[in-house]
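Data block below; observations after.
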Amino acid sequence: MSKQTILVTGGAGYIGSHACVELLQAGFNVVVVDNFSNSKPESLVRVQKITGQSPTLYQADIRDKQALSDIFAKENIDAVIHFAGLKAVGESCQQPLNYYHNNVYGTLVLLEAMEEANVKQLIFSSSATVYGESTCNQYAEDFALGAINPYGRSKQMIEDILRDVSAADKINQSTSPWKIVLLRYFNPIGAHESGMIGEDPNGIPNNLLPYVSQVAIGKLAQLSVWGNDYPTRDGTGVRDYIHVVDLVKGHIKAIAALKGEQFKTGACKAYNLGTGTGYSVLEIINTFEKVTGRPVNYKIAPRRAGDLAECFANPALALAELHWRAEKNLDDMLADAWRWQSNNPQGYE
Ligand code: NAD
Ligand code: UFG
């Protein structure tokens with residue numbers, strides 16, 4: 001069988017670069033489209049160093065229809081993994097139009113280009129942030145949606161669009177229906193075990209792990225723990241942290257599932273990608289100190305607006321239907337995050 005070719009939008013980013021490594025190592029051809037708005041070409045140089053193979057790179061914006069059409073005309077694309085998007089919750093509240101334009105409009109342009117090229121297999125990066133508030137902290141795919149900020153709503157809107165596109169196939173009795181997987185990520189952390197690629201946030205990080213790593217290496221003075229009065233086991237927020245390499249392996253399982261019975265006549269299905277276990281902020285700090293031998297200077301600060309007390313995945317559906325489960329533990333995630341940070345104190349610069 002000839003090699004499948006996967007178009008990876010946002011392939012130079014944190015998760016996208018790890019996906020490129022796993023795809024190349026699994027025997028796929030990889031084509032990347034990225035505008036480098038939140039990444040650097042160096043990440044793909046590192047992908048080449050790890051795998052000995054290079055993805056084909058197009059520097060372009062997914063909102064540029066002509067550029068996408070040219071890529072589909074030139075490359076023999078079988079399926080698309082769509083990572084490209086803006087992802088900072090706080091920034092999305094300040095710049096909602098920018099977020100909707102980049103994420104929602106960008107996805108519309110991509111879908112039009114895919115439809116014209118008759119490439120109708122798509123894996124989409126969604127997020128646990130699409131879920132609404134729930135009395136149960138362990139989220140399953142059939143829980144009600146109800147994102148609470150523009151970033152989350154952009155993901156929820158895209159999910160709605162993709163469900164509509166798939167539903168239209170049934171009405172139109174399409175002979176080449178869309179096959180779409182929505183992957184709802186919990187909290188991706190860690191880095192490739194080589195320490196050569198990892199998360200390289202611009203400016204001061206918002207997310208816990210890059211902040212902890214930058215305090216440990218001395219770039220930042222002190223971590224603020226946002227609240228210790230939540231109804232959790234130690235009062236700090238609990239999340240489902242998942243190793244980025246496990247996460248991207250879920251995408252490869254999803255590509256395989258598109259060939260199976262479930263998607264034979266077309267479908268759009270959502271799956272959680274999480275471990276099913278939550279850890280508190282203090283547990284993360286303590287485990288990081290144990291694994292790395294580095295102290296993390298922190299203080300307790302007031303709660304951050306918009307944070308839930310506790311949120312973790314029910315990953316049973318991904319196991320049953322994608323045959324995927326996370327394999328790495330918290331020690332692996334934190335050791336790998338630290339290897340990346342300590343080998344690359346300035347990120348890719
Ligand atoms: P990232 O910012 O590192 O990667 C996104 C990539 O997309 C970057 O390389 C960026 O330059 C590129 N990009 C953005 N807009 C583009 C456009 N219009 N055209 C072309 N390229 C564009 O982010 P990430 O952490 O790798 O996240 C990847 C995807 O996963 C995003 O869609 C994000 O919303 C989603 N996600 C991430 C997390 C997380 O915690 N990291 C959690 C849930 C979902
Ligand atoms: N936290 C701190 N101090 C910090 C940063 C975070 O105490 O400096 C705490 C938060 O209060 C929370 C936990 O660490 O309890 C995790 O916070 P993150 O910001 O790392 O992650 P979130 O769960 O808030 O959100 C992340 C992404 C979202 C995504 C969501 C679900 O930022 O984009 O996971 O996938 F939608």
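All residue numbers refer to positions in the sequence shown, counting from 1. Whatever order the structure lists them in is the order used to number ligands and atoms, beginning at 1. Because the structure is predicted, anything quoted here is derived from the model rather than measured.
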Provide, to 0.1 Å, the distance between [atom] and the closest protein heavy atom, together with that atom's residue and name.
| atom | value |
| --- | --- |
| atom 2 (O) of ligand 1 | Asn38 ND2, 2.6 Å |
| atom 15 (N) of ligand 1 | Asn102 ND2, 3.1 Å |
| atom 37 (C) of ligand 1 | Ile15 CD1, 3.8 Å |
| atom 3 (O) of ligand 1 | Tyr14 N, 2.9 Å |
| atom 19 (O) of ligand 2 | Arg304 NH2, 2.8 Å |
| atom 8 (O) of ligand 2 | Trp226 NE1, 3.4 Å |
| atom 27 (C) of ligand 2 | Asn207 ND2, 3.7 Å |
| atom 11 (O) of ligand 1 | Asp34 OD1, 2.7 Å |
| atom 5 (C) of ligand 1 | Gly85 O, 3.9 Å |
| atom 10 (C) of ligand 2 | Asp307 OD2, 3.5 Å |
| atom 38 (C) of ligand 1 | Pro188 CG, 4.0 Å |
| atom 16 (C) of ligand 2 | Tyr241 OH, 3.4 Å |
| atom 36 (F) of ligand 2 | Ser127 OG, 2.8 Å |
| atom 31 (C) of ligand 1 | Phe83 O, 3.1 Å |
| atom 5 (C) of ligand 2 | Asn206 O, 3.4 Å |
| atom 20 (O) of ligand 2 | Leu208 N, 2.8 Å |

Fill in: Pair Lys253 + Glu321, salt bridge at N-O below 4.0 Å
no
Would you check if there is a donor-acceptor pair between the side chains of [Y] and [X] at a distance under 3.5 Å?
| X | Y | result |
| --- | --- | --- |
| Asp336 | His192 | no |
| Arg46 | Asn344 | yes |
| Ser176 | Asn118 | yes |
| Thr236 | Asp234 | yes |
| Asp240 | Thr275 | yes |
| Asn35 | Tyr58 | no |

Exceeds 12 heavy-atom contacts within 6.0 angstrom, atom [atom1] of [X]:
| X | atom1 | value |
| --- | --- | --- |
| Lys264 | NZ | no |
| Glu193 | CD | no |
| Tyr298 | OH | no |
| Arg325 | CZ | no |

Show which atoms of ligand 2 fall inside a sub-4.0 Å distance from at least one heavy-atom site of [X].
| X | result |
| --- | --- |
| Asn187 | 21 (O), 22 (P), 23 (O), 26 (C), 34 (O) |
| Tyr151 | 33 (O), 36 (F) |
| Val225 | 7 (O) |

Which ligand 1 atoms does [X] reach within 4.0 Å, using its non-hydrogen atoms?
| X | result |
| --- | --- |
| Phe36 | 11 (O) |
| Ser125 | 29 (C), 30 (O), 32 (O), 35 (C) |
| Ser127 | 43 (C), 44 (C) |
| Gly10 | 6 (C), 7 (O), 12 (C) |

Worksheet item: What about the rings of His251 and Phe83, do their centers lie closer together than 6.0 Å?
Response: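 Yes; Phe83 has its ring centre under 6.0 Å from that of His251.
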Response to the item:
Per side-chain contact (heavy atoms from CB on, under 4.5 Å), Tyr230 is matched among Val281, Val238, Asp307, Leu308 by Asp307
Strictly distance-based, threshold 3.5 Å: is any side-chain N or O of [X] a donor or acceptor partner for the main-chain N or O of [Y]?
| X | Y | result |
| --- | --- | --- |
| Asn314 | Gln138 | no |
| Tyr14 | Ile189 | yes |
| Asn286 | Leu282 | yes |

Worksheet item: Is it the side chain (CB and beyond), the backbone, both or neither of Asp61 that lies under 4.0 Å from ligand 1, heavy atoms counted?
Response: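 Both of them.
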Discussion item. Below 4.0 Å, non-hydrogen atoms only: which portion of Tyr151 touches ligand 1? Side chain, backbone, both or neither.
Written reply: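 Near ligand 1, Tyr151 shows its side chain, while the N, CA, C and O stay back.
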Worksheet item: Once the angle between the rings of Trp340 and Tyr348 is folded into 0 to 90°, is it parallel (under 30°), tilted (30 to 60°) or perpendicular (over 60°)?
Response: tilted
Discussion item. Does the plane of the ring in Tyr151 sit parallel, tilted or perpendicular to the ring in Tyr99? Use 30° and 60° as the thresholds.
Written reply: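 If you compare the ring of Tyr151 with that of Tyr99, the planes turn out perpendicular.
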Worksheet item: Would you say ligand 2 has an N or O under 3.5 Å from any N or O of Val281?
Response: no
Worksheet item: So, is Ile62 polar-close to ligand 1, with some N/O to N/O distance under 3.5 Å?
Response: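 N/O-N/O distance below 3.5 Å exists for this pair.
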Item to complete: May I ask you to check if ligand 1 and Ala12 share an N or O to N or O distance below 3.5 Å?
Response: no
Would you call [X] a ligand 1 contact, heavy-atom distance under 4.0 Å?
| X | value |
| --- | --- |
| Ser37 | yes |
| Ser126 | yes |
| Ala60 | yes |

Fill in: Structural part of Ser224 in contact with ligand 2, heavy atom criterion under 4.0 angstrom
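Near ligand 2, Ser224 shows its backbone, while the atoms from C-beta on stay back.
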Practice prompt. Could you tell me whether the side chain of Lys179 reaches within less than 4.5 Å of the side chain of Lys259, counting heavy atoms only?
Written response: no
Proximal candidate to [atom] [heavy atom criterion; set [options]]:
| atom | options | answer |
| --- | --- | --- |
| atom 32 (O) of ligand 1 | Arg184, Lys155, Lys87 | Lys155 |
| atom 17 (C) of ligand 1 | Leu110, Asp200, Asn207, Asn35 | Asn35 |
| atom 35 (O) of ligand 2 | Tyr230, Phe186, Tyr298 | Phe186 |

Worksheet item: Would a hydrophobic clustering, with Ile, Leu, Val, Met, Phe, Trp and Tyr connected at side-chain separations under 4.5 Å, put Leu330 with Trp338?
Response: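 Result: yes, single cluster for both.
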